[in-house]
Structure formats: structure tokens, C-alpha cells
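Beneath this line is the structure, given in C-alpha cells, with notes to follow.
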Amino acid sequence: MRRVALLGATGSIGRQAVEIVEGHPELELVAAASGSQPLDGLAPLTQVGGDLTELLERAQPDVVLNAVVGFAGLPATLWALENGVTLALANKESLVAAGELALAAKERGEGFLLPVDSEHSAVFQCLEGREPEQVDSLVITGSGGPFRGRGREELEDVGPEEALVHPTWNMGPKITVDSATLANKGLELIEAHFLFGLPYERIEVVLQPTSVVHALVRFRDGASLAHLGYPDMRVPISFALTYPERAATPVPSLDLSQGLVLEFEPPDLETFPLLALAREAGERSGTHPCAFNAANEVAVAAFLEGKLPFLGIATTVEETLAEVDGAPARDVDDLLEADAAARRLAERGLPVA
Ligand code: NAD
Ligand code: MG
């Protein structure tokens with residue numbers, strides 16, 4: 001039996017994870033947590049809000065599936081890594097913000113860090129069993145979101161209801177907006193850097209509008225391996241929870257009998273500046289990625305509340321990044337301070353309601 005603690009159990013990833021756990025006799029849900037929604041007996045131990053590491057201490061799980069949204073997932077990520085408990089990570093924001101601190105905790109804990117983000121699960125699978133020197137570069141794909149192909153002037157007036165319609169994935173509101181701005185690909189670029197240890201110039205982002213190709217790895221001999229499948233998060237969730245077994249899921253594999261056309265295109269960095277801003281924050285390192293994430297969280301929340309126009313999300317992040325010091329965090333307190341400072345700067349730039 002593998003004992004699973006599910007954090008963010010009421011969300012999009014959380015609900016799909018419950019389905020995977022229920023469908024697999026060797027997975028057992030021992031603890032579940034949400035931010036505010038009730039959990040009615042979903043697991044023997046449940047917690048709504050509060051310090052999630054207390055729940056993890058009590059539950060002593062074999063695997064933590066961190067599907068909390070945002071920087072709020074940080075303590076659970078660090079707890080699992082520090083304690084050598086397998087971390088199935090959907091909460092990319094914690095790895096982006098904590099970066100080196102998270103990797104140091106993983107080094108001490110000596111546990112597994114298994115990505116649940118579909119692109120990173122795909123890269124992980126393409127890399128399995130290869131030596132680092134064989135790898136040339138990574139390519140993570142994105143659908144391009146609902147506004148792919150539009151220019152800036154066509155995005156001036158788009159509101160939350162348009163941004164919340166995603167062409168290929170059905171996800172929570174924060175990541176859906178991040179997909180519309182391409183901030184999600186930016187976070188994923190930084191996530192890939194920390195997960196796989198490649199410098200940013202060897203990680204490429206490319207758009208593949210139907211989300212059938214999740215990632216590619218290019219090798220030094222000219223060969224590339226790609227990971228294909230229908231866009232369904234139950235596949236990477238199941239992969240991480242049952243690793244290395246790769247258990248069966250209800251998701252069908254690709255049907256090629258009707259043909260399959262795959263198109264790729266480069267992202268439009270001028271219309272969607274958050275991807276370039278994330279790359280720059282990643283390259284500048286220190287707490288720049290933490291500040292990128294913090295400012296983006298503040299701006300997305302303001303956009304969803306109708307207080308900030310769509311294009312204002314990138315402006316808020318850009319202005320915040322221009323002002324932070326970005327010094328590396330020596331410890332978690334430093335990181336919390338960098339996150340708070342970036343949030344204050346981002347909020348200062350919001351239009352007064
Ligand atoms: P969601 O909004 O649907 O769910 C978020 C969950 O987190 C909810 O259960 C909520 O109660 C909980 N939560 C929020 N704030 C919390 C707090 N302060 N403390 C404890 N719990 C809190 O979000 P989602 O779409 O399921 O995404 C979750 C994470 O997975 C995000 O980091 C997202 O980027 C990542 N992710 C999601 C998808 C997807 O398909 N939804 C794909 C890849 C990665
Ligand atoms: Mg993803």
C-alpha cells in the first residue's frame with residue numbers, strides 16, 4: 001500500500017487525484033486538505049485551511065501530492081523534500097519561488113520529486129535512464145491559451161470570462177489565466193530549470209495548439225524523443241502516484257486511425273510578455289523568480305476581481321521586477337520576506353478601486 005496525502009483535494013487536480021486513488025487498490029488516501037471548502041470524510045485525516053505541515057506530521061504519508069494553488073503550497077513542498085517523503089508536485093509556484101532552497105531540502109531528504117505538471121512529467125519520462133551529457137535541450141509545449149493569434153490591441157478589453165475559457169485543458173481559475181497570459185509557460189520554464197538542472201538557454205517553449213505533444217527532449221546525436229497523449233491530467237497524476245509502476249488509467253491512448261496533424265509555432269513574446277519576463281527572472285536567479293511569481297499572483301487575483309485589465313497583469317509583474325533587489329534567499333525567512341516585498345510592490349502599482 002502507498003499512503004497518499006492530498007493537498008488541494010477540492011481543486012481541479014485534487015478531484016482528478018481522488019479518482020486515480022480510488023481506481024488503484026494499492027493507493028490509499030490517508031489525509032486530505034483544502035483551503036476553505038469542506039472535505040466531508042474524504043480521508044481519515046482532513047484539514048481545511050491552517051498549517052498543512054501539521055497534517056503531514058500527523059499523517060506520515062508515503063507520498064504528498066501537492067495540488068494547492070500558489071505560494072501557499074510552499075511549506076508542504078519543503079516539508080516533503082526535507083523529510084525524504086516522495087513529493088508529487090502539481091504546485092509549481094512553490095518550486096519556482098523556492099528554487100535553490102527546495103533543491104537543497106531535496107538533497108538533504110534524499111527523496112523523490114516527481115512532477116505532475118504534464119510537460120514536466122513528459123520530460124521526466126523522456127529523460128528516464130539517460131545520462132545528462134546525452135541531453136542537448138528540452139522543449140516544453142503550450143497550447144497558447146484562448147488568445148493565441150491575437151495582437152495586443154485585441155487584448156485590451158478582454159475580461160475574466162474570456163480568459164477563463166481554455167481551449168484544451170479544464171483547470172482552476174489561476175492557472176487558466178496564467179495560460180491565457182503565457183505566465184504559466186514562464187513558471188514552467190523556471191520549474192523545468194530546477195527539476196532538470198539545465199540552463200535556461202537549453203530550455204525552449206513552443207506552442208502546439210491541440211496539446212497532444214507535451215514535451216520533447218533533444219539529444220546530442222540529433223534524435224529527439226517526444227511525449228504524446230490526449231490532454232488529460234489523470235495521466236501525469238497517475239504516473240507520479242504509482243511511479244515507477246505506470247499503472248493503467250481510464251484515459252485512452254492515441255488513436256491514429258483518422259490521421260493526426262501536429263502543428264508547432266513559436267510563442268508571440270511581444271503580445272505575451274510574461275513568458276520573456278519569466279525567462280529573464282529565471283536567468284537573473286536569486287529571488288527574482290519568487291518575485292515574478294508573487295507579482296503574478298497579486299495581478300491575476302486583481303484581474304479576476306475586475307480591478308486590473310488583462311494587459312495590466314504583465315505590466316504589474318514587469319514594474320515589480322524592476323524594483324525588487326532579487327538577492328538570493330539564505331533561508332525560508334528570507335524567501336518569505338522576498339515574497340512579501342514583491343507583493344507590496346505589485347499591490348502599490350494596482351489602480352485604486
Ligand atoms: P484549483 O484552484 O482548482 O484548486 C486549488 C486547491 O488548493 C483547492 O483545493 C483549494 O482549496 C486549495 N487551496 C487554495 N489555497 C490554499 C491554501 N492557502 N491552503 C491550502 N489549500 C489551499 O487549482 P488547480 O487547477 O487544481 O491547480 C493546483 C496546482 O496545480 C496549481 O499550482 C497549478 O498551477 C497546478 N497545475 C494544475 C493543472 C490543472 O490541470 N488544473 C495542471 C498543471 C499544474
Ligand atoms: Mg503544464
Side-chain angles (χ1 to χ4, degrees), residues 5-20 31-39 42-43 46-56 64-77 79 87-98 114-124 139-145 164 166-192 195 205 207-208 211 213-215 227 229-237 239-240 275 278 293 296-297 300-301 304 339:
L6 176 57
L7 311 177
T10 53
S12 159
I13 294 287
R15 290 191 306 271
Q16 297 178 82
V18 169
E19 188 190 328
I20 291 298
S34 73
S36 53
Q37 305 90 331
L39 291 159
L42 186 61
T46 58
Q47 186 175 308
V48 177
D51 179 354
L52 298 181
T53 63
E54 280 173 19
L55 178 73
L56 296 173
V64 175
L65 173 43
N66 188 353
V68 171
V69 60
F71 188 72
L74 177 72
T77 287
W79 183 93
L87 175 61
L89 184 67
N91 177 248
K92 64 191 91 184
E93 295 93 340
S94 57
L95 184 61
V96 167
L114 300 167
V116 170
D117 216 348
S118 55
E119 300 77 8
H120 305 72
S121 178
V123 169
F124 182 93
V139 183
I140 54 177
T141 60
S143 70
L164 287 173
H166 194 275
T168 55
W169 300 96
N170 188 1
M171 310 178 288
K174 193 263 179 180
I175 184 176
T176 305
V177 174
D178 285 347
S179 300
T181 61
L182 294 196
N184 185 48
K185 287 304 132 189
L187 293 169
E188 291 185 353
L189 172 69
I190 301 172
E191 180 186 14
L195 282 171
V205 173
L207 302 186
Q208 197 276 303
S211 301
V213 180
H214 303 129
H227 183 289
Y230 295 120
D232 191 317
M233 288 307 294
R234 291 174 299 177
V235 175
I237 292 168
F239 181 86
L275 177 53
N293 176 67
N296 183 57
E297 285 190 25
V300 170
L304 286 171
D339 171 79

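Note that ligands are numbered from 1 as they come in the structure, with each ligand's atoms numbered from 1 the same way. All residue numbers in this chain count up from 1 along the given sequence. Because only heavy atoms are used, hydrogens play no part in the values below, and waters and symmetry mates are left out as well, while side chains stay in.
Counting protein heavy atoms only, atom 34 (O) of ligand 1 is closest to Lys92 CE, 3.2 Å. Shortest contact from atom 35 (C) of ligand 1 to any protein heavy atom: Ala90 O, 3.1 Å. With respect to atom 41 (N) of ligand 1, the closest heavy atom belonging to the protein is Ser12 OG, 3.1 Å. In this structure, the protein non-hydrogen atom closest to atom 10 (C) of ligand 1 is Gly35 N, 3.7 Å. The single protein non-hydrogen atom nearest to atom 25 (O) of ligand 1 is Gly172 N, 2.8 Å, given as residue, atom name and distance. Looking at atom 37 (C) of ligand 1, its nearest protein heavy atom turns out to be Ile13 CG1, 3.4 Å. Remark: minimum distance from atom 5 (C) of ligand 1 to any protein heavy atom is reached at Val69 CG1, 3.7 Å. The protein non-hydrogen atom at the shortest distance from atom 42 (C) of ligand 1 is Met233 CE, 3.5 Å.
A distance-only check finds no donor-acceptor pair linking the side chain of His214 to the backbone of Ser121 [under 3.5 Å]. No donor-acceptor pair under 3.5 Å is formed between the side chain of Glu19 and the backbone N or O of Arg15. Between the Asp117 side chain and the Glu119 main chain, no donor and acceptor come within less than 3.5 Å of each other. Judged purely by atom type and a 3.5 angstrom limit, Asn66 has no side-chain atom pairing as donor or acceptor with the backbone of Asn91.
Classified by interplanar angle (parallel below 30°, tilted 30° to 60°, perpendicular above 60°), the ring pair Phe124/Phe239 is perpendicular.
Between Ala67 and ligand 1 there is a heavy-atom distance shorter than 4.0 Å.
Interface atoms of ligand 1 facing Glu93, defined by a heavy-atom separation under 4.0 Å, are 31 (C), 32 (O), 34 (O). Here is the list of ligand 1 atoms found below 4.0 Å of a heavy atom in Asn91: 32 (O). Contact atoms of ligand 1 toward Ala72: 17 (C), 18 (N) (distance under 4.0 Å to a heavy atom of the residue). Near Met171, meaning under 4.0 Å from one of its heavy atoms, ligand 1 places the atoms 25 (O), 39 (C), 40 (O), 41 (N).
Between Ala33 and ligand 1, no N or O atom pair is found at a separation short of 3.5 Å. The shortest N/O to N/O separation between Ser118 and ligand 1 does not fall below 3.5 Å. Between Leu52 and ligand 1, not a single N/O pair is under 3.5 Å apart. At under 3.5 Å, a nitrogen or oxygen of Gly11, whether backbone or side chain, sits near a nitrogen or oxygen of ligand 1.
When each of Thr141, Thr168, Asp232 is tested with Ser211 by the rule side-chain hydrogen bond (donor to acceptor under 3.5 Å, both in side chains), just one qualifies, namely Thr168.
A heavy-atom distance below 4.5 Å is found between the side chains of Pro173 and Leu164.
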| task | In sequence, state the C-alpha distance, the side-chain angles, and the governing distance for Leu56 and Leu7, and then conclude on side-chain contact (heavy atoms from CB on, under 4.5 Å). | result | CA-CA 10 Å; Leu56 296 173; Leu7 311 177; 4.1 Å; yes
| task | Evaluate the criterion side chain to side chain donor-acceptor pair (under 3.5 Å) for residue pair Lys92 and Asn293; output intermediate values, then yes/no. | result | CA-CA 10 Å; Lys92 64 191 91 184; Asn293 176 67; over 6 Å; no
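Within Glu119, OE1 is the N, O or S atom that lies nearest to the Mg ion (ligand 2). For Asp117, the N/O/S atom at the shortest distance from the Mg ion (ligand 2) is named OD1. Closest approach between the Mg ion (ligand 2) and any N/O/S atom of Glu188 involves OE2.
Of the candidates Asp117, Thr176, Thr10, Leu55, the one placing a heavy atom closest to atom 43 (C) of ligand 1 is Asp117. Residue nearest to atom 29 (C) of ligand 1, selected from Asn170, Val68, Ile175, Ile237: Val68 (by heavy-atom distance).
Within a 6.0 Å radius of CG in Asp51, other residues, nucleotides and ligands contribute more than 12 heavy atoms.
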